[in-house]
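FYI, the numbering just counts along the sequence from 1.
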Amino acid sequence: TLNNTRTLEDFAGKIAAQIEADSISILTSLRDKQMIAKYGFKPETVIGMFIPNTYQLYWNTDSKSFMDRMYKEYSRFWNADRMRKAEKIGLSPAEVSILASIVDEETIKSDEKSRVAGVYMNRLNRRIKLDADPTLKFALGDFSIKRVLNKHKRIDSPYNTYKYRGLPPGPIRQASVSGLNAVLNYEKHKYIYFCANPDFSGYHIFARTLRQHNRNARNYQNALNKRGIMK
């Protein structure tokens, strides 16, 4: 079973617990530039090759056979219909995975993912920086951060989407199928901003203008203050 993994190290550990290949051999394969180049990936993007699902494999599967099998599943997922949708929105499958990983980190609500994806597509199309908090958490290596502060935004990393325009170099987690489909079928709207709902429901409030967004953000910050959440 492949799902909900943020780093290659964690991914290798999860797989090693399910087949005979150990985590070191799996991690070595994931970082082998020549091997993964044959599948069309780089170390930064290879996590996108693994589509979350439950698969049947023989226990004695080695790391190379595992990679070959997962690439077949990846190719099956990226059928003609999905490839057409990706081309239509101007993204490669790897870029869809990158954006989907950000969407997955932004919201746990499946019915909201296509709207969040729409915000980021609007930003990409208008050449506005993504300003995505989850990319900062990935760059800092700390997903426990509940409140992104200005000091976090200063980190010099290609994954800092507050500093660098466009998509980061690779996914910040293993993108879910719902996240991938949300990007491919993103909601068409005029929203440019969103922030968490101060009712802590897990949903977000969307805005078209910076003035609206700043008001929404203040309401959320006040809610965080009331709960004593400072970091």
Side-chain angles (χ1 to χ4, degrees), residues 1-15 18 26-27 29-31 36 39-55 66-67 69-124 130-141 143 157-161 166-187 194 202 204:
T1 297
L2 314 179
N3 60 13
N4 299 330
T5 307
R6 290 193 175 109
T7 68
L8 292 182
E9 291 81 2
D10 288 344
F11 181 79
K14 284 186 176 182
I15 299 307
Q18 300 179 74
I26 295 171
L27 191 58
S29 294
L30 293 171
R31 290 175 170 167
I36 62 179
Y39 305 121
F41 290 90
K42 299 180 291 186
E44 296 85 2
T45 61
V46 70
I47 193 70
M49 190 173 84
F50 305 98
I51 306 299
N53 206 337
T54 298
Y55 304 97
F66 170 71
M67 297 285 283
R69 169 65 185 281
M70 291 300 101
Y71 180 67
K72 288 181 180 179
E73 298 293 345
Y74 172 85
S75 300
R76 185 176 290 118
F77 177 84
W78 281 102
N79 55 29
D81 181 54
R82 288 194 174 96
M83 290 297 289
R84 266 194 308 272
K85 289 180 177 180
E87 184 177 2
K88 185 176 180 180
I89 65 175
L91 298 179
S92 67
E95 290 171 331
V96 172
S97 294
I98 293 170
L99 185 52
S101 72
I102 297 173
V103 172
D104 281 335
E105 284 292 340
E106 287 285 15
T107 180
I108 60 173
K109 304 295 186 180
S110 294
D111 59 342
E112 190 183 56
K113 288 184 179 182
S114 63
R115 179 165 291 188
V116 171
V119 171
Y120 285 130
M121 287 301 299
N122 286 345
R123 285 180 162 268
L124 287 173
L130 296 185
D131 289 357
D133 289 356
T135 64
L136 291 181
K137 297 177 184 180
F138 181 86
L140 293 162
F143 279 93
S157 165
Y159 288 88
N160 182 350
T161 55
L167 293 168
I172 59 172
R173 62 170 293 158
Q174 184 184 11
S176 70
V177 171
S178 64
L180 293 166
N181 287 332
V183 173
L184 292 173
N185 302 282
Y186 74 88
E187 184 179 314
F194 67 95
H204 294 78

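Summarising the geometry, atom CD1 belonging to I98 is positioned 14.0 Å from atom OH belonging to Y120; distances are rounded to the nearest 0.5 Å. For the atom pair L30 CG and I15 CD1, the distance stands at 9.0 Å (nearest 0.5 Å). In this structure, the separation between CD on E106 and CD on E112 is 9.5 Å, given to the nearest 0.5 Å. With values rounded to the nearest 0.5 angstrom, L99 atom CG is found 10.0 Å from L180 atom CG. With rounding to the nearest 0.5 angstrom, the CE atom of M83 is 9.5 Å from the OG atom of S75. The CG atom of L130 lies 10.5 Å from the CE atom of M121; values are rounded to the nearest 0.5 Å.
Looking at N160 and S157, their side chains never bring a donor and an acceptor atom within 3.5 Å of each other. Judged purely by distance below 3.5 Å, without hydrogens or angles, the side chains of S176 and D104 pair a donor atom with an acceptor atom.
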Report task. Start with the C-alpha gap between K14 and D10, add the side-chain angles, then the distance that decides, and say whether salt bridge (charged side-chain N to carboxylate O under 4.0 Å, His left out) holds. Result -> CA-CA 6 Å; K14 284 186 176 182; D10 288 344; over 6 Å; no

Requested in this report: Using the salt bridge (charged side-chain N to carboxylate O under 4.0 Å, His left out) rule, take R31 and E9 through it: C-alpha gap first, then chi angles, then the decisive distance, then the call.
Outcome: CA-CA 10 Å; R31 290 175 170 167; E9 291 81 2; 2.3 Å; yes

Requested in this report: I would like to know whether L184 and L91 meet side-chain contact (heavy atoms from CB on, under 4.5 Å); could you show each step before the answer?
Outcome: CA-CA 9 Å; L184 292 173; L91 298 179; over 6 Å; no

Query raised in the report: So R76 and E73, salt bridge (charged side-chain N to carboxylate O under 4.0 Å, His left out) or not? Walk me through it.
Result: CA-CA 5 Å; R76 185 176 290 118; E73 298 293 345; 2.9 Å; yes

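At least one donor-acceptor pair under 3.5 Å links the side chain of R82 to the backbone N or O of F77.
Taking the six-membered ring for Trp and the full ring otherwise, F50 and F66 have centroids separated by under 6.0 Å.
Of all the heavy atoms in G202 and K109, the pair that sits closest is O-CG, 3.7 Å. Minimum heavy-atom separation, A86 to W78: CB-CZ3, 4.1 Å. Considering all non-hydrogen atoms of both residues, P171 and S101 come closest at CA-OG, 3.4 Å. Shortest non-hydrogen contact noted between E95 and G90 is OE1-O, 4.1 Å. Across every non-hydrogen atom of A182 and S114, the tightest pair is CB-N, 3.7 Å. Scanning both residues, S178 and K113, for their nearest heavy atoms gives OG-NZ, 2.8 Å.
For E105, the side chain to side chain donor-acceptor pair (under 3.5 Å) criterion is met by R6, R173, not counting sequence neighbours.
No more than 12 heavy atoms of other residues, nucleotides or ligands lie within 6.0 Å of NZ in K42, so this atom counts as exposed by the packing criterion.
Looking at heavy atoms from C-beta onward, I47 lies out of side-chain contact with S97 at the 4.5 angstrom threshold. Side-chain atoms of I36 and M49, non-hydrogen and from C-beta on, never get closer than 4.5 Å to each other. Counting heavy atoms from C-beta on, the side chains of V183 and K85 never come closer than 4.5 Å. Put simply, the side chain of I26 does not reach to within 4.5 Å of the side chain of L8, judged on heavy atoms. Residues Y55 and Q18 have side chains not in contact (no heavy-atom distance under 4.5 Å, counting atoms from C-beta outward).
Checking each of D133, T135, D131 against T161 for a side chain to side chain donor-acceptor pair (under 3.5 Å) leaves exactly one that passes, namely T135.
Ring orientation note: the planes of Y71 and Y74 are close to parallel, at an angle under 30° on the 30°/60° scale.
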